[in-house]
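Okay, so here's the structure we're looking at.
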Amino acid sequence: MAQVKKVAVIGASGYVGAELIGLLCQHDKVSLQHLVVSENSTSKGKLFSDLHGRWQGICDVPLQSFSQSWFDEYAASLDVVFFATPHEFSADWAQAFVDKGVKVFDLSGGFRLKNAQDYPQFYGFEHANTQALATAKYGLAEWQAEDIKNTSLVAVPGCYPTASLLALKPITTNNLHVENSLIVVNGISGVSGAGRNASLATNFNEVSLTAYNILKHRHQPEISQEAAAQVIFNPHLAPYKRGLLATVTLQLKAGISQAQVKQAFDDAYQNKSLVRLVASWPKVDNVAHTPFADIHYQFDQDKGVLVVSCAIDNLLKGAASQALQCFNLSLDLESHYSLLNYSH
Ligand SMILES: NC(=O)C1=CN([C@@H]2O[C@H](COP(=O)(O)OP(=O)(O)OC[C@H]3O[C@@H](n4cnc5c(N)ncnc54)[C@H](OP(=O)(O)O)[C@@H]3O)[C@@H](O)[C@H]2O)C=CC1
Ligand SMILES: CC(=O)N[C@@H](CCC(=O)OP(=O)(O)O)C(=O)O
């Protein structure tokens with residue numbers, strides 16, 4: 001029987017933190033101890049439910065602000081901390097919690113890339129803790145259960161990488177694709193993907209379906225690293241709130257059959273209840289506000305071209321519910337524990 005864990009969430013005022021807290025409130029192995037925001041946050045002292053009205057009467061807990069003295073007072077008393085914070089904050093602070101014996105689930109990109117040199121290029125900062133970078137484990141829940149169990153620092157995948165890798169890995173891990181061929185990933189995300197803070201680019205009046213960050217998005221090295229294959233990643237922003245679609249195109253080796261492709265997907269996901277192999281092209285509306293990933297593919301055997309599409313909720317399967325899957329795995333629970341009937 002897994003014991004109840006003492007848990008804190010840093011980044012509680014943000015979109016991802018809010019979803020995560022909603023999930024943690026319903027989890028019977030969690031004792032939620034601290035909801036934390038930045039040191040100078042305009043939200044400190046407010047109730048969580050004042051900021052996120054969906055949780056009125058469910059989580060009316062005041063928000064604390066993070067500081068060195070907060071860390072000194074509370075860190076050692078925790079079992080688990082979730083970071084739903086900017087990448088650089090996680091990179092700076094995660095190891096300090098690990099050193100206090102706290103298991104860290106980092107929902108930022110602070111520990112996803114193995115190559116420290118990629119941080120200045122794709123994240124705009126030098127990584128402060130390259131040793132932790134080397135030991136952190138990537139936490140794509142359906143694929144890395146053992147790593148997730150056996151580490152103190154889980155790098156929860158990004159939203160686009162989650163959908164892209166769930167689509168790609170049945171093929172790339174079985175080496176069904178032509179080595180060094182062009183793999184193209186087209187991603188479309190709703191505006192909540194950009195977080196809660198106001199900016200011109202995410203202003204309601206400004207948002208129109210558009211590509212952005214072409215050939216320089218930080219998820220390109222993440223997807224390539226975890227698929228063990230170089231990809232071209234084309235992100236798009238779309239004028240809706242929740243949900244993300246990644247559609248990938250690959251060239252498969254000559255002679256690969258429909259049956260081999262089907263086998264690869266069935267083997268990968270037949271016992272994974274949060275990944276649904278659906279009968280038609282997935283839609284974001286079918287997964288928004290849920291922890292599911294929906295996948296569908298079509299293979300033109302004559303041309304050797306495979307197209308796979310995966311839809312997820314960017315804030316849940318692309319962040320908070322996947323982090324909870326990782327937490328469940330670390331407790332030796334099934335990864336879908338407390339998630340299958342989630343609705344809020
Ligand atoms: N949005 C998405 O779809 C996804 C986001 N992510 C990642 O999850 C993380 C959170 O994203 P999201 O919720 O969208 O972002 P938001 O901007 O909505 O929230 C960021 C949160 O971090 C807190 N914060 C900022 N600076 C600090 C600091 N120095 N110390 C402590 N807390 C701090 C903010 O608190 P306050 O502002 O009140 O100070 C806020 O609670 C990011 O790393 C993001 O890249 C991952 C997957 C999907
Ligand atoms: C629409 C939008 O702006 N999306 C964000 C991705 C959000 C996200 O998931 O970022 P991480 O996974 O790296 O934390 C972006 O493109 O930067």
Side-chain angles (χ1 to χ4, degrees), residues 8-21 34-46 48 50-52 63-68 70-71 81-94 105-113 118-119 122-124 138-140 155-165 187-199 201-202 207 209-214 216-223 226 233-246 284 288 312-323:
V9 175
I10 310 181
S13 56
Y15 284 156
V16 166
E19 293 300 325
L20 181 61
I21 289 161
H34 304 281
L35 308 186
V36 186
V37 294
S38 69
E39 190 154 15
N40 299 315
S41 173
T42 53
S43 303
K44 72 179 167 189
K46 292 182 183 166
F48 173 71
D50 285 343
L51 258 64
H52 302 289
L63 300 171
Q64 304 171 350
S65 58
F66 187 82
S67 62
Q68 180 68 51
W70 184 96
F71 176 84
V81 64
F82 291 89
F83 282 70
T85 47
H87 318 291
E88 202 164 355
F89 178 83
S90 304
D92 286 345
W93 279 96
F105 297 90
D106 178 26
L107 288 86
S108 85
F111 290 91
R112 294 182 197 144
L113 301 182
D118 281 343
Y119 277 89
F122 289 99
Y123 283 84
Y138 196 74
L140 188 65
V156 181
C159 50
Y160 287 120
T162 295
S164 308
L165 291 165
I188 303 175
S189 171
V191 186
S192 59
R196 188 161 180 258
N197 283 337
S199 81
T202 56
V207 176
L209 180 55
T210 184
Y212 68 102
N213 281 356
I214 293 293
K216 58 182 183 198
H217 197 282
R218 64 184 182 280
H219 290 168
Q220 185 275 330
E222 184 180 337
I223 300 166
E226 295 300 319
F233 173 51
N234 300 322
H236 297 73
L237 179 68
Y240 59 83
K241 288 185 186 176
R242 297 277 289 259
L244 178 156
L245 191 75
V284 287
I312 60 170
D313 182 305
N314 53 299
L315 297 177
L316 285 170
K317 182 63 179 167
S321 65
Q322 176 148 245

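Quick caveat: nothing in here was measured; it's all calculated off a predicted structure. Hydrogens, waters and symmetry mates are skipped; everything else that's a heavy atom, side chains included, is used. One-based numbering, in listed order, for ligands and for the atoms of each.
- Proximity to H87 (heavy-atom distance under 4.0 Å) selects the following atoms of ligand 1: 43 (O), 45 (O).
- Ligand 1 has an N or O atom lying under 3.5 Å from an N or O atom of V16, backbone or side chain.
- Using a 4.0 Å cut-off between heavy atoms, S90 makes no contact with ligand 1 at all.
- At least one N or O atom of S13 sits closer than 3.5 Å to an N or O atom of ligand 1.
- Here's the thing with I10: none of its N/O atoms is less than 3.5 angstrom from an N/O atom of ligand 1.
- Atoms of ligand 1 lying under 4.0 Å from at least one heavy atom of R196, given by number and element, are 16 (P), 17 (O), 18 (O).
- Side-chain atoms of K44 come within 3.5 Å of backbone N or O of E39 as a donor-acceptor pair.
- Of the protein's non-hydrogen atoms, the one nearest atom 20 (C) of ligand 1 is A84 O, 3.8 Å.
- If you number the atoms of ligand 1 from 1 as listed, the ones under 4.0 Å from a heavy atom of G318 come out as 47 (C), 48 (C).
- Residues R196 and L51 are in side-chain contact: their nearest non-hydrogen atoms beyond the backbone lie under 4.5 Å apart.
- Residue-level contacts of ligand 2 at the 4.0 Å heavy-atom threshold are H87, R112, G158, C159, Y160, S189, G190, G193, A194, Y212, H217, R218, H219, L237.
- By the criterion of a heavy-atom distance under 4.0 Å, the backbone of S192, and not its side chain, is placed next to ligand 1.
- Under the 3.5 Å distance criterion, with hydrogens and angles disregarded, a donor-acceptor pair is assigned to the side chains of T85 and S90.
- Short contacts between ligand 1 and L107, defined as distances under 4.0 Å to a heavy atom of the residue, involve ligand atoms 6 (N), 7 (C), 8 (O), 46 (C).
- Checking I10, V9, V156 one by one against L107, the side-chain contact (heavy atoms from CB on, under 4.5 Å) holds for a single residue, V156.
- Looking from atom 29 (N) of ligand 1 to the surrounding protein, the closest heavy atom is F89 CD1, 3.4 Å.
- Every N/O-N/O distance between R112 and ligand 1 stays at or above 3.5 Å.
- Annotation: the span from F111 atom CZ to F105 atom CZ amounts to 14.0 Å, rounded to 0.5 Å.
- Which parts of ligand 1 touch L315 is read off a 4.0 Å heavy-atom cut-off, strictly below it: atoms 1 (N), 2 (C), 3 (O).
- Distance check, rounded to the nearest 0.5 Å: OG of S164 to CD1 of I312 gives 8.0 Å.
- The nearest protein atom to atom 9 (C) of ligand 1, hydrogens excluded, is given as T85 O, 3.5 Å; this is a heavy-atom distance.
- In terms of protein heavy-atom proximity, atom 19 (O) of ligand 1 is closest to G14 CA, 3.2 Å.
- One finds the OH atom of Y119 at 11.5 Å from the CD atom of E88 (value rounded to the nearest 0.5 Å).
- Counting heavy atoms from C-beta outward, R242 and V284 have side chains that stay 4.5 Å or more apart.
- A perpendicular orientation is assigned to the rings of H34 and W70, their planes being inclined by more than 60° (bins at 30° and 60°).
- Of all atoms in ligand 1, listed by their number and element, those nearer than 4.0 Å to a heavy atom of S108 are 43 (O).
- At least one N/O-N/O distance between G11 and ligand 1 falls below 3.5 Å.
- Where the criterion is an N or O separation shorter than 3.5 Å, residue side chain and backbone included, N197 fails it with respect to ligand 1.
- Using a 3.5 Å distance cut-off with no hydrogens or angles, the side chains of Y160 and E222 do not pair a donor with an acceptor.
- Under a 4.0 Å criterion applied to the non-hydrogen atoms of A319, ligand 1 contributes the atoms 47 (C), 48 (C).
- Listed for the H217 side chain is a donor-acceptor partner under 3.5 Å among the backbone atoms of H219.
- Using modelled atom types, no side-chain atom of D313 and backbone atom of G243 make a donor-acceptor pair closer than 3.5 Å.
- Annotation: the span from L316 atom CG to T162 atom OG1 amounts to 11.5 Å, rounded to 0.5 Å.
- Atom CD1 of residue I214 and atom CG of residue N234 lie 4.0 Å apart, to the nearest 0.5 angstrom.
- Looking from atom 24 (N) of ligand 1 to the surrounding protein, the closest heavy atom is P86 CD, 3.6 Å.
- For the atom pair R112 CZ and D118 CG, the distance stands at 13.5 Å (nearest 0.5 Å).
- Near G195, the atoms of ligand 1 lying under 4.0 angstrom from a non-hydrogen atom of the residue are 14 (O), 15 (O), 18 (O).
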